Amino acid sequence: MKAKTCKRTTRDKVALFCRFFTGLKNVYGTYDPKTGRVCQVKEPVTEEVILAHLKGQRPYGVYLLEQDLTCAAAIDFDDNDPETPKAFVSRAAEHGISSYIERSKSKGYHVWLFFSRGGVKAAKARLVVRHILREMGTPDTEVFPKQDSLRNGIEYGNFINAPLFGALVPQGRTVFVDPGNAMDPFPNQWDFLEQVRLVPEVKLDEIIAADRLVSPVHAVLGEQPRTVPSPRFLPRSSLPICAQRMLNEGVTENQRVACFRLAIHFNRLGIPFDITVAALSRWAQKNKPTDDKGVITATEIKKQADCAYKKSYRSFGCDEPAVKPFCSAECPIHWRVDPKSVNNGGKSETP
Ligand code: SF4
């Protein structure tokens with residue numbers, strides 16, 4: 001990387017730092033450099049907070065997730081072997097995205113991806129990062145942000161220690177390193193930051209589409225389908241068997257209602273609207289309508305998803321002709337309520 005050194009004021013540096021390591025504005029994390037004890041500080045992230053970090057007085061940890069958006073993603077490789085973060089950077093480059101290695105404060109490396117101004121959907125960022133980690137054979141590596149959105153009772157998410165903590169920079173820690181030059185720190189970290197390439201959301205969309213990451217939808221959820229859920233109750237984080245079957249097999253009739261029902265489940269699971277639409281568009285390709293209406297259109301999919309996301313529907317539509325053929329006696333709903341109330345609960349909410 002060619003360095004174009006220029007004179008920067010402290011204020012310039014704070015502004016540059018905040019362009020990349022930004023998230024929630026009213027809370028941050030920190031730790032005691034002597035004991036390593038971490039804590040959360042429920043105070044505004046001011047210029048003084050950032051300055052104290054850059055000067056090495058008090059570390060700053062950033063909560064990256066703002067609602068369902070993030071400006072950066074970080075992968076925490078917790079061992080000192082530099083080949084693993086280097087492999088991630090190479091893999092990411094093969095997908096057309098830039099990523100950067102930071103030597104972390106004590107052990108291992110962080111790899112950072114930075115996104116376009118205003119951020120991208122965290123669910124998409126996490127999906128792509130997890131996909132690369134799976135390709136590398138290290139699927140269990142820790143990824144920040146750890147959640148897709150601040151919903152379902154998640155108030156802050158998890159913070160990650162920001163780079164460039166002034167007390168550790170002279171030791172070659174918390175600095176960005178050059179994988180093309182023996183992992184030596186870039187000589188001027190500010191020049192380095194100036195030249196970072198941002199990843200636009202459209203690039204994530206391209207990877208998601210090219211590698212079919214939205215199908216099956218469980219890939220979006222970052223979990224495997226649970227074909228036999230607990231018989232006690234249906235976990236909030238899983239799809240009922242009827243929805244899993246509809247997704248896997250496609251449908252032959254009642255596409256509009258099936259689409260609406262699936263969108264309700266996705267909304268219940270906290271999946272962002274546009275990912276739901278993308279997943280349903282891919283699902284529609286599996287449908288083989290037996291009537292002469294043809295496959296449900298993109299406009300109709302969006303309309304059904306829109307209706308499903310407008311309010312919190314509680315019924316699973318168990319008695320609807322669109323859902324019934326996909327029902328299974330293994331579904332815990334059968335244990336939870338008697339068949340009569342299942343049927344009552346299924347009264348039509350279709351728009
Ligand atoms: S009982 Fe209802 S929710 Fe469960 S599989 Fe059957 S239709 Fe789906």
Side-chain angles (χ1 to χ4, degrees), residues 123 148-149 151-153 212-273 275-291 293 295-296 300-351:
D148 289 346
S149 68
R151 295 176 60 161
N152 300 329
R212 296 170 171 252
L213 300 186
V214 289
S215 182
V217 74
H218 306 97
V220 179
L221 304 178
E223 64 182 19
Q224 292 300 311
R226 299 175 201 181
T227 46
V228 186
S230 156
R232 281 162 162 253
F233 59 90
L234 190 69
R236 194 173 160 73
S237 60
S238 72
L239 289 167
I241 296 173
C242 55
Q244 292 179 34
R245 288 187 56 198
M246 277 194 271
L247 278 173
N248 291 336
E249 298 165 23
V251 303
T252 55
E253 52 192 5
N254 300 307
Q255 292 180 83
R256 199 172 60 90
V257 183
C259 180
F260 174 67
R261 281 286 155 214
L262 289 172
I264 287 176
H265 287 302
F266 295 163
N267 188 28
R268 182 174 60 85
L269 296 176
I271 297 175
F273 178 80
I275 292 189
T276 287
V277 171
L280 290 173
S281 301
R282 192 156 290 281
W283 160 77
Q285 292 168 19
K286 294 182 184 174
N287 294 348
K288 296 192 175 60
T290 48
D291 51 28
K293 287 184 185 159
V295 171
I296 186 169
E300 188 62 33
I301 287 171
K302 210 159 175 210
K303 187 175 153 201
Q304 293 301 329
D306 202 39
C307 292
Y309 272 63
K310 274 208 170 109
K311 55 179 179 168
S312 292
Y313 290 100
R314 299 185 65 178
S315 162
F316 284 15
C318 302
D319 69 342
E320 287 175 353
V323 178
K324 244 180 175 172
F326 297 93
C327 185
S328 162
E330 289 176 339
C331 176
I333 298 285
H334 281 294
W335 281 276
R336 197 166 59 143
V337 290
D338 64 53
K340 232 180 181 173
S341 61
V342 165
N343 287 340
N344 288 343
K347 64 180 179 293
S348 179
E349 293 167 325
T350 314

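As the structure is a prediction and not an experimental result, all values here were calculated from the model. For the single chain, residues carry numbers from 1 onward in sequence order. Numbering of ligands and ligand atoms starts at 1, following listing order. Because only heavy atoms are used, hydrogens play no part in the values below, and waters and symmetry mates are left out as well, while side chains stay in.
Taking the side chain as every heavy atom from C-beta outward, Thr276 and Phe273 never approach each other to under 4.5 Å. Between Val323 and Met246 the shortest side-chain heavy-atom distance falls below 4.5 Å. No side-chain heavy atom of Cys327 sits less than 4.5 Å from a side-chain heavy atom of Ile241.
The ligand atoms of ligand 1 that sit less than 4.0 angstrom from a heavy atom of Pro240 are 3 (S). For ligand 1, the atoms closer than 4.0 angstrom to any heavy atom of Val323 are 7 (S). Residue Cys327 approaches ligand 1 through these ligand atoms, each under 4.0 Å from one of its heavy atoms: 1 (S), 5 (S), 6 (Fe), 7 (S).
Among the atoms of Cys242, an N, O or S atom falls under 2.8 Å of atom 8 (Fe) of ligand 1.
Under 4.0 angstrom from ligand 1, the non-hydrogen atoms of Ser328 all belong to its backbone.
Listed by chain and residue number, Asp306 satisfy the side chain to side chain donor-acceptor pair (under 3.5 Å) test with Lys310 (two or more places apart in sequence, or in another chain).
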**Study point:** Test log, rule side-chain contact (heavy atoms from CB on, under 4.5 Å), inputs Phe326 and Gln244
**Key:** CA-CA 9 Å; Phe326 297 93; Gln244 292 179 34; over 6 Å; no
